[in-house]
Structures are given as structure tokens and as C-alpha cells.
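Count residues from 1 along the sequence. Just so it is clear, the structure is predicted and the values come from calculations on it, not from any experiment.
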Amino acid sequence: MKNKKLFLGILPFLLSGCYIESQPPHKNKDVTVNIDAELVFNTVIDENAAPYARVMWGSSYYHFPEGVKIEEKPVAGDQLWITFEGEPTESICYLTYPGDCYLEGKVKDYGVRQTNVTGINIDLEEGGTVSRYLRSHYTIFTNYVVLDEEGRYTPLEEYNGAGTLYLSESLSNEEYVCACPEEAQCAPCATPPYIVGIYAYNPRQAK
């Protein structure tokens with residue numbers, strides 16, 4: 001199947017391969033692009049090994065403008081923001097999986113917002129499972145547990161390992177659900193955390 005080009009200033013979208021959310025473009029205003037770090041599975045397959053998972057910006061191979069350097073390994077749920085002077089001069093994704101995305105423009109500033117990573121010890125009742133426990137306490141947006149830093153993983157429904165699990169939250173989902181209009185008085189958001197990464201190790205300490 002041939003790749004297709006999408007010009008994101010015209011078509012904001014959420015499709016397999018790429019997701020870019022930006023403010024409405026305007027020639028005389030700064031434009032901030034937000035890109036979520038997401039777990040992508042089956043990115044490397046060896047005939048003699050299990051498939052691997054990796055964290056990628058927007059589920060894609062990203063080509064960022066010159067000067068944007070991200071040295072720290074991201075965790076699922078982190079959010080990269082890039083502020084351009086005016087709209088990006090080029091913003092294109094090829095819809096493969098993982099995607100292949102190009103972002104160009106005059107960068108004013110950028111940074112990474114780190115999500116919350118919480119370690120929990122699960123005390124299962126007789127007949128209980130890790131999957132059932134997590135789904136009863138959190139909003140789960142992943143079906144796998146990442147087992148180690150190399151990216152081995154297993155289905156959540158089959159995982160019953162002992163020890164600590166580390167859960168990473170989605171900043172963008174929580175911001176959307178818990179948004180409070182300007183000048184409004186809103187009660188604290190009571191929605192369960194939106195979990196996009198489940199790890200059998202602490203991903204913040206991984207190298």
C-alpha cells in the first residue's frame with residue numbers, strides 16, 4: 001500500500017502512525033505543537049526472540065527541526081511541546097506503522113513535560129488477577145505489561161508477576177477530561193488516572 005501525505009495544518013488527526021495537536025495556525029502568532037510519547041509494540045521482531053516494545057513520539061519516527069534535541073528517554077504519557085515563531089513551515093506524516101513524521105520551522109522554545117509514574121504493589125485476593133485489579137482502580141489504555149528495559153512485554157491479561165508495577169499516566173487525556181473553563185470555579189477532577197504505560201520496572205530510572 002502506498003504511503004500518503006497529510007498536511008497537518010489542514011487536517012488535524014488521530015490515525016495509526018501520527019498524532020499532532022497544535023493551536024490554530026496564524027502567520028503573526030507563535031504556534032505550539034504538542035506530541036505525546038506512546039508505547040508502540042511489535043517494532044522489532046527477531047526470528048529467535050519475542051517481539052519488542054518501544055516508546056516513540058506520536059507512535060512515529062520523528063524528524064525534528066534543527067536545534068531540538070531530546071536526550072532523556074521518554075516514558076509513555078510524557079508530552080513534548082515545541083513553540084514555533086509562526087506556523088511550522090512543514091508538518092507531514094506518512095501513514096505507516098510506526099509512522100514517519102517531519103516537522104520543520106523556526107523554533108522559539110521547546111521542552112518535555114514529564115508525566116506521573118506511580119509504583120504500586122498489588123495484593124491480590126483469592127481468585128483475583130492483576131488485570132482485574134488494575135481495571136477496577138484505573139482507566140487502562142494499554143493491553144500489555146513491559147517487562148524490561150529491552151522492551152519485552154506480555155499481555156496484561158496473562159501477567160501475574162509479583163513485585164512492584166509502575167504505571168505512567170497520560171497528560172493529554174487528563175488535561176482534556178479535567179479541563180476547566182477560564183474564570184470558572186471547578187471542583188478537583190475525580191476521574192481515575194488514565195494509564196498508558198504499565199511497566200515491571202521503573203522506566204524513569206532506565207538508561
Side-chain angles (χ1 to χ4, degrees), residues 8 12 14 17-23 30-41 43 52-84 88 91 93 98-99 101 103 105 107-122 134-135 137-153 156 159 163-180 186 188-207:
L8 304 183
L14 174 56
C18 288
Y19 172 45
I20 294 181
E21 178 184 355
S22 65
Q23 299 175 357
D30 296 339
V31 173
T32 298
V33 173
N34 299 309
I35 309 172
D36 295 336
E38 300 168 345
L39 273 165
V40 177
F41 299 92
T43 55
Y52 287 76
R54 64 183 299 185
V55 177
M56 305 176 70
W57 295 111
S59 297
S60 303
Y61 296 102
Y62 254 95
H63 308 270
F64 294 113
E66 184 178 355
V68 175
K69 299 186 182 301
I70 307 161
E71 298 180 355
E72 190 168 348
K73 186 177 180 180
V75 171
D78 286 351
Q79 190 176 80
L80 168 66
W81 57 270
I82 305 175
T83 299
F84 292 89
S91 186
C93 279
C101 297
L103 198 56
V107 176
K108 184 176 182 179
D109 199 6
Y110 72 95
V112 175
R113 298 177 58 212
Q114 291 190 337
T115 190
N116 297 321
V117 177
T118 304
I120 63 169
N121 290 302
I122 301 175
L134 291 178
R135 295 186 190 281
H137 290 80
Y138 304 90
T139 303
I140 304 296
F141 279 90
T142 179
N143 294 316
Y144 300 98
V145 178
V146 182
L147 301 174
D148 54 37
E149 295 180 31
E150 292 187 17
R152 295 180 179 88
Y153 64 93
L156 175 57
Y159 182 83
T164 303
L165 281 178
Y166 294 86
L167 312 180
S168 63
E169 303 175 21
S170 169
L171 290 177
S172 59
N173 281 348
E174 290 172 13
E175 288 172 352
Y176 178 79
V177 172
C178 298
C180 183
C186 302
C189 189
T191 183
Y194 286 76
I195 304 303
V196 291
I198 305 174
Y199 301 83
Y201 66 96
N202 189 341
R204 284 287 181 227
Q205 296 179 358
K207 296 182 180 180

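The side chain to side chain contact (heavy atoms under 4.5 Å, CB included) with Leu134 is formed by just one residue from the set Thr142, Ile122, Thr139, Val145; it is Ile122. Between Thr115 and the choices Leu171, Val196, Leu167, the side chain to side chain contact (heavy atoms under 4.5 Å, CB included) rule is met once, by Leu171.
Residues Phe64 and Cys101 are not in side-chain contact: their nearest non-hydrogen atoms beyond the backbone lie 4.5 Å or more apart. Annotation: side chain of Ile120 is not in contact with side chain of His137 (no heavy-atom distance under 4.5 Å). Residues Tyr61 and Val40 form no side-chain contact, since every pair of their non-hydrogen atoms from C-beta on lies 4.5 Å or further apart. Between Val146 and Asp148 there is no side-chain heavy-atom pair separated by less than 4.5 Å. Counting heavy atoms from C-beta on, the side chains of Arg152 and Tyr52 come closer than 4.5 Å.
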| request: Kindly indicate, with the supporting measurements, whether the criterion side-chain contact (heavy atoms from CB on, under 4.5 Å) is fulfilled by Val107 and Phe84. | output: CA-CA 4 Å; Val107 176; Phe84 292 89; 4.0 Å; yes
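Nearest heavy atom pair, residue Leu165 against residue Ala200, reads CD2-CA, 3.9 Å. Across Gly58 and Glu38, no two heavy atoms sit closer than the pair C-OE1, 3.4 Å. Pairing each heavy atom of Val55 with each of Val75, the nearest pair is CG1-C, 4.1 Å. In terms of heavy-atom proximity, Ala76 sits nearest to Gly197 at CB-CA, 4.2 Å. In plain terms, the two heavy atoms of Leu80 and Gly111 that are nearest each other are CD1-O, 3.3 Å. Taking every heavy atom of both residues into account, Pro203 and Tyr166 meet most closely at CD-CB, 3.9 Å.
To the nearest 0.5 angstrom, Tyr62 atom OH is 10.5 Å from Ile70 atom CD1. Remark: Ile35 CD1 to Asp78 CG distance equals 13.0 Å, nearest 0.5 Å. Between Thr83 atom OG1 and Asn34 atom CG the span is 8.0 Å, to the nearest 0.5 Å. Taken to the nearest 0.5 Å, the CZ atom of Arg204 stands 6.5 Å off from the CD atom of Glu72. Once rounded to the nearest 0.5 Å, the distance linking CG of Asp109 with CG of Asp30 reads 10.0 Å. A distance of 9.0 Å separates CG of Asn116 from CD1 of Ile195, quoted to the nearest 0.5 Å.
Looking at Gln79, its side chain never comes within 3.5 Å of a backbone N or O of Arg113 through a donor-acceptor pair. No side-chain donor-acceptor contact under 3.5 Å links Ser168 to the backbone of Gly77. The backbone N or O of Lys69 lies less than 3.5 Å from a partner atom in the side chain of Tyr110, making a donor-acceptor pair.
With sequence neighbours left out, Tyr199 forms a ring pair (Phe, Tyr, Trp, His ring centres under 6.0 Å) with Tyr201.
In this pair, Tyr144 and Phe41 present their aromatic rings tilted. The plane angle is within the 30 to 60° band.
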